[in-house]
Structures are given as structure tokens and as C-alpha cells.
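For this chain, numbers begin at 1 and follow the sequence in order.
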Amino acid sequence: MRIAIDGPAGAGKSTVARAVASALGWEYLDSGAMYRAAALKGSEHTDIRFDGGRVLADGEDVTDAIRTPEVTAASSQLAGDPEKRRVIVDKQRALVRDGDWVIEGRDAATGIAPDAEVKVFLTATPEERARRRASQEGRPVDEVEREQAERDAKDNTLGRSVLTPADGAVEIDTTGLTLDEVVARVTELVK
């Protein structure tokens, strides 16, 4: 079975997906980490693997290195190239073909697993999304909010809509909810 979690930047996709996968004992696919690792290494053909919550690119642990604003910008650019994007999506689809997976990304339910049994679209107010990301990165909220708006607009023009739920997706606004509350809502959809 597969749960695909979509939504805009800063909506809580990674945090929620990790927690849902842990709660269910399922595998977790951080699709954004694959784009980030490929961007860091400069090639969509990078060998990307996940090992105990760590991201490996060509055998090197890049878990921390892929979370910089520079890599975020480069990964968005890589994802904007249709040929490079196709290579990564094919890798993601192959990974989640078998087993129970929680898949998160800006197009998890529309690109990676459009036939997922459970589709979730997480969202939050722009202010809340920026506050969360700024807190994680130790940066000013207004700067992060501006960057997220730019990224959402750019990513929304790549032949896909990162701001629109996939057909059949359950929309969950995480503004003001605790992680446990969001995880409970998502896991209830599996039963």
C-alpha cells in the first residue's frame, strides 16, 4: 500500500510523512531529498539511496549538505528540466513499486504515485509555513516566506500544480495542529 503526501513548501510533508511511516512501520520516500542529492552532485544520474534516515549520493552521506538554501534552489532548477525530472521520477516509481510506502513530495500523488491508495494534500497558511521553515533553518521568517512564494510560483509553472490537490486527495490544513493530530488524521485514512 502507498500513502502519497503532497503540498507546498513548508506545509509539513517531510515531518508528517516520517512520523506516519514510523507509526505504521512502513518505508519512507523523501522525494525532495532525491532532487537535492542529484542537484548537489550535479547529475540526475547520481546513485541515490536511503539508509536509516540518511541520504547517500554515490555512497557519500549528504543528509546535511542537501538542506542548504543553495541546494534547495539548485534542486528546484533541476526539477524544472523535464528530461532530468523524468529520470528522477522513474527512479522514485521503481523504489515504491513494492511494499508499503509513505511517499512525500511536491508531486507525490500527481507524479510519483498517481495510483496511490491514499492521497493527502497538506497545506498551511503562508505565514505558518514560513515560520516553520525559518525555525528549522534559523533564518528570518519574512525572508523564508518570500523564498517560498517564489519557489511555489516557479514550481507551479513546470507543467504541474504544486498548489492544487491531486484527484481524490484528502486536504488537511495543518495550521494550528500538532504533529500528533496530523499523523492521527493521516493514519485514520489507511483503516
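- When every heavy atom of A17 is checked against every heavy atom of Y28, the shortest pair comes out as CB-CE1, 3.4 Å.
- Considering all non-hydrogen atoms of both residues, K119 and A113 come closest at CE-O, 4.5 Å.
- Not counting sequence neighbours, P114 has no partner by the side-chain contact (heavy atoms from CB on, under 4.5 Å) test.
- S22 is linked by a side-chain hydrogen bond (donor to acceptor under 3.5 Å, both in side chains) to nothing, counting only residues two or more places apart in sequence or in another chain.
- Side chain of T46 to main chain of S43: a donor-acceptor pair is present (N/O by atom type, distance under 3.5 Å, no hydrogens or angles).
- Checked by atom type and distance alone, the side chain of T174 pairs as donor or acceptor with a backbone atom of A11 at under 3.5 Å.
- Remark: D90 pairs with no residue by the side-chain hydrogen bond (donor to acceptor under 3.5 Å, both in side chains) rule, at least two apart or across chains.
- With sequence neighbours left out, the side-chain hydrogen bond (donor to acceptor under 3.5 Å, both in side chains) criterion links E83 to R86.
- F50 shares a hydrophobic cluster with L29, M34, Y35, L40, I48, V55, V62, I66, V71, L78, I88, V89, L95, V96, W101, I103, I112; the chain of contacts runs through ILVMFWY side chains whose heavy atoms sit under 4.5 Å apart.
- Partners of S14 by side-chain hydrogen bond (donor to acceptor under 3.5 Å, both in side chains), not counting sequence neighbours, listed by chain and number: E104.
- You'll find the side chain of P8 reaches within 4.5 Å of the side chain of R129, heavy atoms only.
- The two residues A166 and A109 have their closest heavy-atom pair at CB-CB, 3.8 Å.
- Distance CZ/R2 to CZ/R97: 9.5 Å, rounded to 0.5 Å.
- Pairs passing the salt bridge (Lys or Arg N to Asp or Glu O under 4.0 Å) check and including a residue from residues 41-51, sequence neighbours excluded, read K41-E60, D47-R49.
- Within the 3.5 Å criterion, the main-chain N or O of A108 finds a donor-acceptor partner in the side chain of D6.
- Using a distance-only test at 3.5 Å, with no hydrogens or angles considered, a donor-acceptor pair links the side chain of R93 to the main chain of G111.
- Contacts classified as salt bridge (Lys or Arg N to Asp or Glu O under 4.0 Å) and involving residues 7-17 (residues at least two apart or in different chains) are not found.
- For the pair T63 (side chain) and R54 (backbone), a donor-acceptor distance under 3.5 Å is absent.
- When every heavy atom of P82 is checked against every heavy atom of G80, the shortest pair comes out as CD-O, 3.3 Å.
- When the side-chain contact (heavy atoms from CB on, under 4.5 Å) test is applied to P140, the partners found at least two apart in sequence or on another chain are D142, E143.
- Applying the 4.5 Å side-chain rule to ILVMFWY residues, one finds M1, I3, I5, V16, V20, L24, W26, V118, V120, L122, V170, I172, L177, L179, V182, V183, V186, L189, V190 in the same cluster as V102.
- Under the salt bridge (Lys or Arg N to Asp or Glu O under 4.0 Å) criterion, the residue pairs touching residues 23-36 are D30-R67, with sequence neighbours excluded.
- E145 contributes atom CD, which lies 11.5 Å from atom CD of E150 (distance to the nearest 0.5 angstrom).
- Shortest non-hydrogen contact noted between A116 and A4 is CB-CB, 3.8 Å.
- Under the 3.5 Å distance criterion, the side-chain polar atoms of T187 are matched with a main-chain donor or acceptor of A184.
- The main-chain N or O of T110 is never found under 3.5 Å from a side-chain atom of D107 such that the two would form a donor-acceptor pair.
- Under a cut-off of 6.0 angstrom, the local environment of CD in Q77 is sparse, with at most 12 non-hydrogen atoms contributed by other residues, nucleotides or ligands.
- In this structure, the side-chain contact (heavy atoms from CB on, under 4.5 Å) partners of E128, at least two apart in sequence or on a different chain, are A124, T125, R131, R132, T175.
- Heavy-atom neighbours of D115 CG from other residues, nucleotides or ligands within 6.0 Å: above the threshold of 12.
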